[in-house]
Structure formats: C-alpha cells, structure tokens
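Before any comments, here is the structure.
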Amino acid sequence: MEYNFKETEQKWQEYWREHGTYKVEIDPSKPKFYVLDMFPYPSGAGLHVGHPLGYIASDIYSRYKRLKGFNVLHPMGFDAYGLPAEQYAIQTGQHPAVTTEKNIARYREQLDKIGFSYDWDREVRTCDPHYYKWTQWAFIRMFEHYYDRTQQQARPISELTAHFAANGTEGVNAACSEELTFTAAEWNAKGEKEQQEVLMNYRIAYLRDTMVNWCPQLGTVLANDEVKDGLSVRGGYPVVQKTMRQWSLRVSAYAQRLLEGLEQLEWSDSLKDIQRNWIGRSQGADVTFDVKDSDVKLKIFTTRPDTIYGVSFMVLAPESEYVAQLTTPEQQAAVAEYLDYVAKRTERERQSEVKTVTGVFTGAYAINPFTEEAIPVWVSEYVLAGYGTGAIMAVPAHDSRDYAFAKKFNLPIVPVIDNGQPIDLSESSYDAKEGKMINSGIINGMEVKEAIAFIAGEVEKRGIGRSKINYRLRDAIFSRQRYWGEPFPVYYKEGMPYMMDDSKLPLELPEIDKYLPTESGEPPLGRAKNWKTEEGYPIELNTMPGFAGSSAYYLRYMDPHNDKALVGKEADEYWRNVDLYLGGAEHATGHLIYSRFWNMFLYDLGVVCEPEPFKKLINQGMIQGRSNFVYRVVGTNTYVSAGLKKDYETTEIHVDVNIVHNDILDIEAFRRWMPEYADADFILEDGKYVCGWAVEKMSKSMFNVVNPDDIIEQFGADTLRLYEMFLGPLEAHKPWDTQGIDGVYKFLRKFWRLFMPGDEFRVSESEPTREELKILHKTLKKVEGDIETFSFNTTIPAFMICTNELTALKCDKRAVLEPLVIAIAPYAPHIAEELWHRLGHTDSVTTATFPAWEEKYLVEDSFEYPVSFNGKVRFKLPMPVDASNADIETAVKTAPEAAKWLEGKTIRKVIIVPKKIVNVVVG
RNA sequence: GCUCAGGUGGCGGAAUUGGUAGACGCGCUGGACUCAAAAUCCAGUGUCCCUUAAAGACGUGCGGGUUCGAUUCCCGCCCUGAGUACCA
C-alpha cells in the first residue's frame, strides 16, 4: 500500500489539536528548553516557501529536545503593527485591524499545514491590548528611571531628585543628553516645570528636540536602522534630517553593557561583529583648545592625541553650536551661505557625494595647547554633529579625510610620524598607528602607542581634557507619526508630558475616520475624538515604532495570560531566557539591539532574572527565487529559445516559474498566461523552448514565488519539511528549486515501504543481525550529531542511505525500525506518528525517548583482513611518524599483519588514510 | 574604503576539522517492467587520453609555501555575497 500523505497528515494534525499534544506547562521535574522563532509580520501576500525555513529548523530542534526529555517551550505569535496595513488603510479606508486579522488567519492556516509543534495557547499579537499594555507599562518604567553610570544600572528617578535636592549635580554620574551643573539651592529654587525639564535630560525614555530622519513620503520619522543609503528601508523613499520634538530611548547608556554582553552569547562571529561595529566603541580623549581673542573653549574628541603636533586646522560640524560662537564678523556671510547649502542637501546627496570636499573658514583661530600655535577653525559637513563633540582637530598628514580637506583648501600638511621609510605625503596620508614620533616636541622619538598614552596623561594633568570613550550607538527615536502602533500612555499638562497611572493601562488605540495626518499636519491620532484624559488633558498623538512591540515578546510567551505582570516570577525563573533563537540576520542592528537593551533595563529593575534574552542565535539564510526568462526578438512577438538567442537581438522577460518545468517552457500555458502572449511564435531548439534562469529575490514581480500550500498539496508537509532542510546549510542563502523535491519524496515512500513490504503493515519481532544494528546505530549517531550542530542538511542523506541499506537487507525487525521512527519524527512528524501508532503505541510519538546509539555496534571488525577497495588493498597499521614514503613502504612490508597478503606481490602504491589505515596498491 | 563570510562536477551541495575529493539528491545516458505512458527498479555519469576497458595524467578561484600527504594550515592576489560608510 502506497503512503497516502494527504490523509495521514490531516489525520494527525487533527489528533494533535484535539489532544493538545503541544501544550506546555511549567514542570520543575524536567529541564526547560526555550526555542523561539522571530515572529512574522503577517503581510497580505501570505507565506512563500522561503518563510518556513527557520520555522522548520526550530521545530525539528524543539521536537528533538522534547524526545531528549526537555520541557520545551516553543511558541508563535505575530508582529502585528506595521506600515503595510496602514498604507492599505489609507488607500482603501479598511481598518488596519481588519486587514491584520485577516492576514493572521491566512498565516495561521498556512503554518498549520506544515505541522509545527507550537503551543498556540501562548500566541501573542503586538496589537492586542492585553499584550501592548505591557509595552506601555515598560515605557512608563523607562520614563521613571535614569541610568547611573557608577552603579552601571537603571535607578528610579526619585533617587536622582533626592540627590539634586541635597547636593545638586555634585557627584552625579548619570547618562544624559548634555552635562549639566547646578547646586542644590539652584535645583530647589526651580519650579515644577523647570525641574521636569531638567529631569528630561536624564530619563531613559525622554522627550527632546532631536535631529531625526524624516521621511516626507511616509510622513513619519525613522530610526537609524530603518534608513539605508539615505532611503527608507520600507518603501525606499528619500530621508532628510530635521529637528523635531520626539520621544527617545537612552539606548546609548547601555552601550558598554551591550558590547560586553556579546562575549557570553553563542551567536555567530559575524553577527557579533555587526553589533560591535554598530555600537562602535572608540577610545580616545577630549581635548580643549583655547580660542584666540575669545572666551570660548573649543572641545574636540580624538582617538589620536599622539598627533597633536601635526594639527594644522580645526573643523566644526555645520550644526555645531560652536559655529555661531566662533564665526568672525568678516566671515559671517560666507559661513551663512555654506550653512544654507548644507541644509538644502538631502541625506542621500550627502552620502553619495562623500568624495566631494566642501567647507568654509570661520575666521577664528584656536591655540594648540602644545605648540601654542594659532590654527584656523573651519566648518565642514564631513564632521558630524552627533558624534563626539561635533568638532575635531585635523591632522592631514595622518588622516585621509583631513588630508583631502587640506589639499582642497591648501592647508599645511605636517608629518609627525616616521615609520622607518620615507613617508610620501604627496598622494595620500599615512593613517597607520605605527612608527616613531617626529616634529613633536616632548614626544619626539616615542612609539605611537606610547605617545598616545603620554599625551592623554599630559592633557589630563594640565586640566585641558581627559580620556574618553565614545560610542557610535545613538539613542533610539521612539515616536512615529502613524496610526497603527501602540499609543503612548502620556498626557500633557502645561506642555510637559506626564505618565498615566498603571491602572489606566492599556491605553487603547482610538478609532479614527481616516488614516492620514490631519490638515494641520498632526499625526493621524489628531483625528481621534475625545483623545484626552478624564481631567481633559490632551494625550500624546504619536505612536510607538515597530520595534516597541517586538522588544519583549519572548517574555510574554512565558506567561501570556498574566494580567498582573509582564511575566510572573515563577514563569520567569523557570523559563528564564531563550535558549535557541532563530531568525534573519537583517535584525542585527535593529530588533536584536533593542531587545537586548529592553531586557537589560528590565533586568536592572529586577523584573527578569537574566541579563541577556537570547542565549544562542542562528540566522537562517534567505531562500531566494529561481526566476525563468523567455527572450523576445526585438520588435516582434516571437520568442527564441535560450540556446539560440545569441543570433538575435532580444529582450529578457520574466516568465512564471509555475509554467516552466526543468527550464522547458510549457508553450500552451504560456499562451494562456497573458493575453499579449496568446499568439506568440517560438524559435525552438530540439523541438523545445528552453528558458534562461537566474537567482533573484523571491517576489511577485519576478514571477518566481512558490507557495508552500502548492508543495504540500502535491508532495505533503513532511516532504516540504525534509526538502527545505535538504536544500543546503541552514545559514546559507540558497535558491529554491522545486526540481529536486522528487528525491526526498521518493525517500519517504521508500521509508514507508520498509514497514509495508507487501500490502500489509508488518514488522518482525526477531533479533536483528549485527549488520542491521550497525546500520541503525550509525544512523542514530549521525542524526543526533547533526541535530546538535544544526546540520540538518546532512541528516537527510543519512536517513536515505540507511533506508536503502535496510531495504537491500529486507530488514523488517521492530528493534531496528522502531528507533528509526523516533529519530525521524522531528523531521517528518506526520509519517512518524502514523507508523508509531501502527507499531502498536497508543500515545503520541512525541512522548517517546530519543534512542541512544552505542559505540560497540559501530566498531569496524573487517580490518584484520584486507578489503578490496577500488583495486587497492587496505591494511590497518600503526602510522609511522616522520616517515618518508619509502619508510612507509618498508613499514608496510615488514608489518606482520601485512606479510601474508603481500607475499609474491609488488607494492605499487601506498596510501595512508585516517585511523591508521594504510591503503596498499598491489600489482 | 573598512569588517565579515564564501569560491568544490551540468546543478544544489558532502568530506568525521590535515588523511581514498565529489557522499546524498537533481539532471542526463542506457536497461528492466509496460501495447504505451506514469510509477518503480537496476547500471553508468569530474576532465583528458582511448573503439572500449585497464592503466595513466589532470583536477576543490589564481600564484607561492609548510607537510610523507592540503578542499582543509600559512603568505600574496582575483572574484562573489553580506554588513557598514565621512564615527575623528
């Protein structure tokens, strides 16, 4: 009887649902294991075959861990707030909640068909008030805390106000937007509003005028990770810099901990690297320069204090406050003109024209504290306002950007480092941190490293600066001018923001009639009626960004129905954190940073017991599409086969991969596909039309989307699961090609036939042979080793070989077949469940124990005799250490084991192979 | 530019971490079964030389090196992909 996947898969999916097979509860008697997928945003297009790749891998691992005796938490949910639903709402008037609900239902339906072991009772949706109540709750906590650098943790803002009242800013070491200094008396003299303004400088969630990435087309601001190459990641619209009053999260306060925390994590090195670069720690020093004929102290940040004798000019960022302070009356007009030019440039222009050097002289001169020389102060857009102090000392001889600037404006280039060979400064600067100092007064002759430390110390001694660490990581802008997001639990009194009481949570998203900004330019929530507190205070009109809801969702899965806490103590202490997290690497600088920050904050508050949310992380690769092309002869409706196209001038046109088989076009289907092709002519080769192909992103516009539903319909879910794993290494990007799926489909049917040699299900209870046991244990060992290392792609061949070998032996022993059913269950749960029940079990295969393999069955026993192998004879011999080929030959000849097999034969070749085995080719 | 990952048959990819390169699958070729097709099964399939086979030579991006032995380690290039981009 052939395997009927359709009937079987449906039957067991229903069984699992009815029996609550995948429901999980806290069980202190078992070790826990938490396997998580990055939850999807349910888009209108539904899933394509690329999406489930990671889900299948994590499901295999979950099922395996369960068979290994772990209590496995494996939940799924939806990142339900997002731009597409809102855009759709703007166009159609359809409420985003309705669209989202519909898309989720579709996703759920598709996911269910694949046979995942999710505990759906724990599902979370970020747009559900029961869920976002806790997003709002966490935000309020961030508002109520500041970051104490001395204690290296978040502390209640009340501690800070108490300190201010007693000592002013004296002794305060808090993360802040700008360093403030005031006395206790000054603090106490301030009014409520003034005090609140000061505290805003310290709060972890704070409201402030900031330079933001404004995207006019989307009508909203974007975080740094939502912008790429000056364009919005979603939509690809231009982004400009603009000052706006926005909520921000003081992520930068956690920079050092985010950096150090990486050490403990089992993440790929490349992913850790991306985060390290994003955090961008750099060790240097602040140095203050006096300004000639002025009281202004010009503070700069440098990582190369050693080059201070080579400073030949200073540069300010155009947005720097110093510009106004330092510009001389004579230069006023020129500077104003330059600032105007800079303001008009978009972020994209600025980035694409990096090589173009621009700038203007302020007219001011700074005094080099070491040489006492007066050096000109310039303004240029190559210096960024947001990093360091927004001002630099320029050393053109040893910094390529300063070099380009000096060349353009004819400023002096003074070498201060000698690396042994003559340094040629006519073409480029010498940026390396190696060599001896020259032309450098007190540090002449020192090595660069020495000089850096010396000058840093000297600067500190003279009180004109101090060592400083800067981070590239910026605070996260947290306001979005959109409708479809979490409302802020914030109201305004006399223009100052106040948090709502926890008892008012969740603050539910109000209904509005249209989803566009208001006529006066307010965000969509400006349209909401009665959007005020009971006391009549107006409520915040912005909503939270996409990453708000996804930052702590893994905690909510632990205790999804708890109405009293984000996560209860018991649940948190049992499940702790995610043991295995699977998702795409594109979240490296967004979600994965924000989540770690959010979790560390909650850790500081004692809400969670682990400082890091995701212990081990695997980035599954993307499944790309494999597109097919036809070639239209220019100016005709004639299409030429790929092999002949070089003789014609052609246009390449995407053709639906679903009407192409093995790169051969189904001509009739093509004619039916679109009206314009109805009377197409073809130039064939060998009677066939051969299509071209290319690997591209899987997308509708390329006509290369493959829907998992179609694959399941044709081959079944187990085949889809196996094939997705078989395609290649989990972490690699790889194209989907349906052609190869036959192989695993055939394998499953062969596996089935092991139990069904005739028409009847039949296993024998007799003792297996040593050979059969060897095949079994070899396979079990391979499967276990592969799952533990996430090499799922090489497990499938192991199952195939095993099945072929057992088929050849006509093995029907229960003692061999039953363990194989358990071993394959994580990969192909439906067929395994069916066989398990046919084997006479009444419980689910998920409650079985993963069979242990034993070394004793794997020991090679045939090596005392030579085996014929590709015309070679193989011996087991101790491998001679440090032996030349000749020595090995001697060793072989004289070895007692070998003598009897070499009698009267000539050794033609000796090959040493692993495990001290020698291959001898005899003539 | 900098950082990281990678480059193996017609294709996807293996190779127990320095030990028989190309497992397994696809595709292709031939055969069995069939009136025929589908399905299934069997055999072959890196390149060159050759009627075929044996035997041989060459083969893991390119050029060197270490080693008895290198896809694996080292040095220098080339190419592809990803991240990042005036971060001082």
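Order of the sequence lines sets the chain letters (A, B, ...), proteins ahead of strands, with each chain counted from 1. The figures that follow rest on heavy atoms only: side chains count, while hydrogens, waters and symmetry mates do not.
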(request) Please say whether the positively charged group of A:Arg472, taken as NZ for Lys or CZ for Arg, lies over the ring of A:Trp278, i.e. under 6.0 angstrom from the six-membered ring centre and within 45 degrees of the axis. (result) yes
Which of these nucleotides, [options], is closest to any side-chain atom of [X]?
X	options	value
A:Arg753	B:C86, B:G13, B:C41	B:C41
A:Pro797	B:G27, B:C24, B:A88	B:C24
A:Leu384	B:A23, B:C86, B:U84	B:C86
A:Phe726	B:C24, B:A88, B:G13	B:C24
A:Met800	B:A88, B:G83, B:G25	B:G25
A:Tyr387	B:C26, B:A88, B:C24	B:A88
A:Lys746	B:C26, B:A88, B:G83	B:C26
A:Asn804	B:C4, B:G13, B:G25	B:G25
A:Pro729	B:G25, B:A88, B:A14	B:A14
A:Val383	B:A88, B:G13, B:C4	B:A88

(message) Please compare A:Lys734 and A:Gln739 by the position of their nearest nucleotide in RNA chain B and report the one closer to 5'.
(response) A:Lys734
(message) Heavy-atom nearest nucleotide on RNA chain B for A:Asp402 versus A:Val744: which residue maps closer to 5'?
(response) A:Val744
Between [N] and [M], how far is it from one [atom1] atom to the other, in whole Å?
N	M	atom1	result
B:G7	B:A14	C1'	16 Å
B:C62	B:G9	P	10 Å
B:C58	B:C50	C1'	16 Å
B:C86	B:A70	C1'	43 Å
B:G22	B:C28	P	24 Å
B:U45	B:A23	C1'	15 Å
B:G69	B:C79	P	32 Å
B:U40	B:U47	C1'	33 Å

Tell which nucleotide pairs with [N], taking only Watson-Crick or G-U wobble pairs whose two distances are both under 3.5 angstrom.
N	result
B:G1	B:U84
B:U67	none
B:A15	none
B:C77	B:G61
B:A54	none
B:G27	B:U45
B:G9	none
B:U34	none

Grab the [atom1]-[atom2] distance between [X] and [N] for me, whole Å please.
X	N	atom1	atom2	value
A:Asp399	B:C2	CG	P	15 Å
A:Ile279	B:G83	CD1	C1'	14 Å
A:Tyr745	B:A39	OH	C1'	10 Å
A:His733	B:G81	NE2	C1'	8 Å
A:Asp431	B:A85	CG	P	20 Å
A:Tyr723	B:C11	OH	C1'	10 Å
A:Asn277	B:A85	CG	C1'	11 Å
A:Met393	B:A88	CE	P	13 Å

Consider only side-chain N and O atoms of [X] and [Y], and report whether a donor and an acceptor are under 3.5 Å apart.
X	Y	answer
A:Asp402	A:Tyr382	yes
A:Tyr827	A:Thr795	yes
A:Ser429	A:Asp399	no

(request) Using a cut-off of strictly less than 4.0 Å, decide whether A:Arg276 has a side-chain nitrogen or oxygen near OP1 or OP2 of B:U3. (result) no
(message) For a quick test of reading the model: is some side-chain N or O of A:Thr589 closer than 4.0 Å to OP1 or OP2 of B:G83?
(response) no
(request) For the pair A:Tyr3 and A:Phe5, name the ring-plane relationship: parallel under 30°, tilted 30 to 60°, perpendicular over 60°. (result) tilted
(request) Over 60° means perpendicular and under 30° means parallel, so classify the ring planes of A:Phe409 and A:Phe405, tilted if in between. (result) tilted
(request) With A:Ser791 as reference, evaluate A:Thr794, A:Thr789, A:Asn793 under the side chain to side chain donor-acceptor pair (under 3.5 Å) test and give the passing residue. (result) A:Thr789
(message) I'd like to know if the side chain of A:Thr288 and the backbone of A:Gly465 have a donor-acceptor N/O pair within less than 3.5 Å.
(response) no
